[in-house]
There are 4 protein chains.
Amino acid sequence: MEAQREGKFDRILDAAIDAFAESGFYQCPVSRIAQLAGVAEGTIYLYFKNKEEVLIQIFQERMGAFITNMRGELSREETTEAHLRTIVRLHFSYMEQNRSLAIVSQLELRQSNPRIRQAINGPLLEYFHLIEEVIQQGIEREEVPQTDPWVARQMIFGSLDEATTDWVLARNPRTLMSAVEPLLTLFKGALRLKNRTI
Amino acid sequence: MEAQREGKFDRILDAAIDAFAESGFYQCPVSRIAQLAGVAEGTIYLYFKNKEEVLIQIFQERMGAFITNMRGELSREETTEAHLRTIVRLHFSYMEQNRSLAIVSQLELRQSNPRIRQAINGPLLEYFHLIEEVIQQGIEREEVPQTDPWVARQMIFGSLDEATTDWVLARNPRTLMSAVEPLLTLFKGALRLKNRTI
Amino acid sequence: MEAQREGKFDRILDAAIDAFAESGFYQCPVSRIAQLAGVAEGTIYLYFKNKEEVLIQIFQERMGAFITNMRGELSREETTEAHLRTIVRLHFSYMEQNRSLAIVSQLELRQSNPRIRQAINGPLLEYFHLIEEVIQQGIEREEVPQTDPWVARQMIFGSLDEATTDWVLARNPRTLMSAVEPLLTLFKGALRLKNRTI
Amino acid sequence: MEAQREGKFDRILDAAIDAFAESGFYQCPVSRIAQLAGVAEGTIYLYFKNKEEVLIQIFQERMGAFITNMRGELSREETTEAHLRTIVRLHFSYMEQNRSLAIVSQLELRQSNPRIRQAINGPLLEYFHLIEEVIQQGIEREEVPQTDPWVARQMIFGSLDEATTDWVLARNPRTLMSAVEPLLTLFKGALRLKNRTI
DNA sequence: AATGAATGAGCCTTCATTCAT
DNA sequence: GATGAATGAAGGCTCATTCAT
């Protein structure tokens, strides 16, 4: 029962990601989500309070898992360079493997609607914090000279985000993964990263 | 008459920028634009084919002027560092002085709606091209080592865009202008900018 | 089993009375009845054909019992004054002790929906008939001068009903019982009731 | 323009009265009102905030006018008997000439929905007050012995209301007007009305 | 018998667009 | 050109009823 229920919750969430990716949150009728999920329109309201809540859950469930995963990967690495590489690679590989979710993120990450904004902010701020931690650690380990971690984070996340947007909007895009090393080179230069000498 | 027409055209455009900034393109009724512009709803359809066209004109008129202006400023500078400083400063000062337009840009720059997308792309690609030219020139003048201008542009525009988004969404933001020099330092490091020796 | 069945039937009926009293028949979801009765929604459809049928049964069961009871009480009295007093007292005391049922009656007694109307009419017409019999007997016994029993019944029932409505809608009502004697005085005057001389 | 606007407001109000009379407020789709009024569904929302507001306006506009009219008629009469006759005759003749409004009144006068309730109460309490004033004056002029005007009003209004309900629900009703004198006789008896001696 | 998840018809309301004035 | 009343299509959401378990 519960498994079935869980199954339907996820099916609707997946369908909503595809549906929102198709046309954006406001342009997408709930009936389209139902159609893609293979359930009746009313069924969606058994699992979600309203349409807004579906979008909110997308960020809370999927982005939350992504960040938890990334935190785990980062804890296995020691150097700032390895940390940065992990961030760029995981970010790009996750987006590349979840194209619809990537599209929804690019479309809806910038919501003025306060309720949705609030819900997105949770995972997003955690992601920002995680990037800033990496930079801060680099400074403490003297791999990175004194820098404003906040501005550095804007550069790193902004670059990842812009690359993803380009990839999402391009018809025949380069793979995102092909941008990992060039971008890392830029980040290392920007942060004046020294190789750590033991 | 033509002047009057222009006057009303611009009044509607300014009103639409504020209106879209308030609540986003799809959430904003045409009646709100009319209200802010001080004209009747029907009047808007004398100047614009439909609501979509209003958004399109915002990018074509306002972003177009912004880019033309930036191109002029850039032509007065010689070094890559000066070029980059001009881009960052103009980008931030323009956004800071046109907060509503900044909001609309952040909200609507990532539209999946194909018609709108197409229209945004014009000015945006020109802006991208302009940034890439600066980098290309830097490479040719040997101020910048061999780099992929496309990836470098993603980093530069992505950073500017992300900083603007942060500023737009923050309640009590730092001024954008205060981020000019820190960001420039990062860009110079990323591009391994050498001071040109004559 | 039959006892259990009866038990659940009555539990649903009681729950429905409270539920309909809360928000009115059309405003009340079947789920609310189920919730108050402590049964599943589907269970209700084992005991009642549909939602309408629940309302119909309320009148048939509860109002039916009320009228049967009143008929019994009346048969123990001799004079028209005693009959009238019995009607007023039983009407008010029953309503006062079954506030939710009183509310449902006041709300739904006037239904245009023909099927419900039809079902309410059964008990109601019997009640009307009972009142008219009392008047008719009064005339035959020469306690009451020639009167139209139909109009007199309208006055009596209308007064009782209006008093009940006032009581139901008032926030801090007088007790209904406190209106028994004043109302009786009015009725006696209206019917020009003579004390029966043997 | 304004005349036209007024015309459409009234046309919608009249249509709504008929539509609500057909099936009750909650059972009646807004589309039915629009159909009867000969306007588009959306037009209704140019004149009324929502469906609830239409019902509220019915009571405020139509019942308000009825009461104002009755107050005028009463001021032209001197004796309590004449006052009572005016009330009964106007009540019945108004209902008889506005059958749909009468039905709506009988259906919706007893609303538990608090917002609607509130709006109905205004005119209704004014009507109650008017009846109680007539009784109070009768007492002061010594045409009526000491009585509780509140209970007397319950009897009078309750009788009128019940007679109207009977008439509304009957298939082949007696005319309401035929009940004027029988009911008056009852009222006079109930209030022990003396002919005023000069 | 009892459950409650699932269904889908139906309704209120919004809003882009038109057009008579 | 300018107006704004009118239109009607479209969509989010509720809820009576069913049915597999």
Side-chain angles (χ1 to χ4, degrees), chain A residues 1-2 4-5 7-9 12 26-34 37-54, chain B residues 1-2 4-5 8 12 25-35 37-54, chain C residues 1-2 4-5 8 12 25-35 37-54, chain D residues 1-2 4-5 7-9 12 26-34 37-54:
Chain A
M1 308 292 103
E2 191 57 21
Q4 177 83 7
R5 194 183 154 78
K8 205 157 278 190
F9 179 91
I12 293 170
Y26 289 113
Q27 263 28 57
C28 167
V30 171
S31 60
R32 178 67 180 144
I33 304 176
V39 299
E41 224 170 317
T43 303
I44 290 172
Y45 291 87
L46 296 177
Y47 294 87
F48 301 89
K49 200 165 92 273
N50 51 37
K51 191 184 165 192
E52 229 171 54
E53 187 67 19
V54 179
Chain B
M1 296 304 97
E2 187 58 22
Q4 172 131 13
R5 190 184 155 79
K8 204 158 275 191
I12 293 170
F25 177 71
Y26 289 111
Q27 263 31 54
C28 166
V30 171
S31 61
R32 179 67 181 142
I33 305 175
Q35 189 185 35
V39 300
E41 270 179 80
T43 305
I44 290 172
Y45 289 86
L46 297 175
Y47 293 88
F48 301 89
K49 198 164 96 265
N50 51 36
K51 191 183 165 191
E52 232 170 50
E53 188 67 18
V54 179
Chain C
M1 297 305 99
E2 189 56 22
Q4 172 132 14
R5 189 185 155 78
K8 204 158 276 190
I12 293 171
F25 177 71
Y26 289 112
Q27 262 32 53
C28 166
V30 171
S31 61
R32 179 67 180 144
I33 304 176
Q35 188 185 37
V39 300
E41 270 179 80
T43 306
I44 291 172
Y45 289 85
L46 298 174
Y47 293 88
F48 302 88
K49 199 165 94 265
N50 51 36
K51 192 183 165 191
E52 232 169 52
E53 188 67 18
V54 180
Chain D
M1 306 294 102
E2 192 56 22
Q4 175 85 6
R5 193 183 156 78
K8 204 156 278 188
F9 178 92
I12 293 170
Y26 289 113
Q27 263 29 56
C28 167
V30 171
S31 60
R32 179 65 181 146
I33 304 176
V39 300
E41 227 170 316
T43 304
I44 291 172
Y45 290 85
L46 296 176
Y47 293 87
F48 301 90
K49 199 165 94 272
N50 51 36
K51 192 184 164 190
E52 228 171 55
E53 188 67 19
V54 178

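Just so it is clear, the values below take in all heavy atoms, side chains as well, and ignore hydrogens, waters and symmetry mates. As the structure is a computational prediction, the values presented were derived from the model and not from experiment. Each chain gets a letter, A, B and so on, in the order the sequences are listed, and its residues count up from 1.
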Which pair of heavy atoms, one from Ile33(D) and one from Ile12(D), lies closest together, and at what distance?
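The pair with the smallest heavy-atom distance is CG2-O, 3.9 Å.
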Closest heavy-atom pair and its distance - Asn50(B), Tyr45(B)
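Smallest heavy-atom distance, with atoms named: CA-CE2, 3.8 Å.
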Atom [atom1] of [X] to atom [atom2] of [N]: distance rounded to whole Å?
X        : N       : atom1 : atom2 : value
Gln35(B) : dG4(F)  : CD    : C1'   : 14 Å
Phe48(D) : dA6(F)  : CZ    : P     : 12 Å
Tyr47(A) : dC13(F) : OH    : C1'   : 18 Å
Ile44(D) : dA5(F)  : CD1   : C1'   : 15 Å

Within less than 4.0 Å of OP1 or OP2 of dA5(F), is there a side-chain N or O belonging to Lys8(D)?
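No.
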By side chain to side chain contact (heavy atoms under 4.5 Å, CB included) - contacts of Gln27(D) (at least two apart)
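Partners of Gln27(D) under the side chain to side chain contact (heavy atoms under 4.5 Å, CB included) test: Tyr26(C), Ser23(D).
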Donor-acceptor pair, side chain of Lys51(B) and main chain of Phe25(B), under 3.5 angstrom:
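Side chain of Lys51(B) to backbone of Phe25(B), a donor-acceptor pair under 3.5 Å: yes, one is there.
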Collect all protein-nucleotide pairs involving nucleotides 14-16 of chain F in which both atoms are nitrogen or oxygen and the distance is under 3.5 Å.
from	atom 1	to	atom 2	distance (Å)
dA16(F)	OP1	Cys28(C)	O	3.4
dA16(F)	OP1	Lys51(C)	NZ	2.9
dA16(F)	OP2	Val30(C)	N	2.6

Can you list the residues that meet the side chain to side chain donor-acceptor pair (under 3.5 Å) rule with Glu52(A), with sequence neighbours excluded?
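With sequence neighbours excluded, Glu52(A) shows a side chain to side chain donor-acceptor pair (under 3.5 Å) to Asn113(A), Arg115(A), given in chain and number order.
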Holding to side chain to side chain donor-acceptor pair (under 3.5 Å), I want the full list of residues that pass it with Glu41(A), two or more places apart in sequence or in another chain.
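With sequence neighbours excluded, Glu41(A) shows a side chain to side chain donor-acceptor pair (under 3.5 Å) to no residue whatsoever.
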Take Ala40(A) and Ala40(C), find for each the nucleotide of DNA chain E with the closest heavy atom, and name the residue whose nucleotide sits nearer the 5' end.
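Whichever sits nearer the 5' end wins; that is Ala40(C).
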Nearest-nucleotide comparison on DNA chain F, the residue closer to the 5′ end among Glu52(A) and Gly38(D):
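Result: Gly38(D).
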ring-ring contact (aromatic ring centres under 6.0 Å, His included) partners for Phe48(C), two or more places apart
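Checked Phe48(C) against ring-ring contact (aromatic ring centres under 6.0 Å, His included); matches are Phe9(C).
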Dot-bracket line, read 5' to 3' along DNA chain F, where crossing pairs take [ ] and | marks a partner on another strand, Watson-Crick or G-U under 3.5 Å
.||||||||||||||||||||
Listed nucleotide nearest any side-chain atom of Val39(B), set dG4(E), dA5(E), dT3(F)
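When the side chain of Val39(B) is considered, dT3(F) is the closest of dG4(E), dA5(E), dT3(F).
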